[in-house]
Amino acid sequence: MLNHTFAQADPQVYQIMEQELERQRSTLMLIPSENYASRAVMSAMGSIFTNKYAEGYPGARYYNGCENYDQLENLAIERAKELFHCEHVNVQVHTGSQANMAAYYAMLKLGDKILAMSVDQGGHLTHGKKQNFSGQFYEPHFYSVDPETHLIDYDQVLEKAKEVRPQLIVAGASAYPRIIDFQIFREIADEVGAYLMADIAHIVGLVAAGSHPDPVPYCDLVTSTTHKTLRGPRGAIIMCKQEWAERVDQGVFPGVQAGPLMQIVAAKAVCFKEAQSFGFREYQRQIIRNCQALGQSLIEEGFEPVTGGTDNHLLLIDLSNKNITGQEAADLLEAAGMVCNKNLIPYDKRSPTETSGIRPGTPALTTRGMREEQMYQIGKWMAEVIHHGRDTQATMPFDAVDRASADGNSHKGRGEESLISRIRGEVADLCAQFPIYLDLDD
Ligand code: DSN
């Protein structure tokens, strides 16, 4: 049993993985928080490091037999410190949400005030949403983007901070397409005596590569995931000033976590090394160029990106002038092989389950090697599908589109060719020109 291959041990799960491999190979991953991890990162994630408990920190574990884990975690820490030029980093934290939870736990008392951007303006659940722990255990207050420009209004942030006197200000977002000025946030935090935390889960790769201003010099704490633009394993880190190192480490363990996932720590070490390469810096610059090309293509087709465009890896497309919800648009795009997510736009009149926006991004497609030319074409396909896809869906339901694709006959529907199935075929052809994971199914 111990030496059976995955396919031998569990053919059912293996088959689902093969289906997923085919889906990833033949569709366009346009969700800006997703990416393709390298073989090295995935090998580390699936390695024997999964077999061991290592509660505690290097040199001070609660389990015996941890000498290799100490070496591994120290290596991951050193690489992260070198990459981000930070004084201290915790590499054990499991996820972005848990990173924020541990950071709050380290710095705040129950009921303390947090000032952050709300989810409906581009923030994250853990920035004080009332259904989330952050809105239950702390007192959340929110700053907004400008109603006209949809840019962060730093004057309003200052005004709000003076009114609320928060213990902690959060700078960072999940759906903000522009540069965030961490220096101004620092000045605001200093003015009201608050800690400043940046949540850079989305832009971390850009920050590591110098393609977005660095929050580390300005913030008490910086939290991030490792699987988005950083292209590592599904996980997170917390960076902080040395002053807060002990509080942060205690906040993670024993604060909100017990045993670390050491196989993920191994994969984080691998991704930090990958992120130090020249190729990674060029990759991050290309992500931005690609996103701007996608935006340009959509603007030419009459779409309105929130803030007029992008400085980073994502676009927030306002569909409120298109008579279609974000959910409907994302469903049509998926049928045509372009996998996007619906997203609220600032001051959205629709509910979070419908939304008036979609949030396409370019980290994954850039990993595939696609460039501006391909992004431009994808923008044209997206426009065609959103503008006309519903008309053709009436004559060709989703299951027929699926059958056409499954037959390998994706260019043709039954009888008259549907727009969705034609584009689905063109997308599949493009994907074949930029293959991924060639030998995964060995
Ligand atoms: N779920 C992530 C995203 O898609 O932005 C944030 O946690």
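In each ligand, atom 1 is the first atom listed, and ligand 1 is the first ligand listed.
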Can you list, by chain and residue number, every protein residue with a non-hydrogen atom closer than 4.0 Å to ligand 1? Ser33, His124, Ser174, His202, Lys228, Arg359
Donor + acceptor pair across side chains of His141, Glu139 (<3.5 Å): yes
Donor-acceptor check, side chain of Gln374 to backbone of Arg371, threshold 3.5 angstrom: yes or no? yes
Could you check whether the rings of His202 and His313 sit parallel, tilted or perpendicular, using 30° and 60° as the cut-offs? tilted
Return yes if some donor-acceptor pair links the side-chain N/O of Asn290 with the main-chain N/O of Thr362 below 3.5 Å, else return no. no
Among residues at least two apart in sequence or on other chains, which ones pass side chain to side chain donor-acceptor pair (under 3.5 Å) with Ser224? none
Ring-face cation contact, Phe272 with Lys268, 6.0 Å cut, 45° max: no
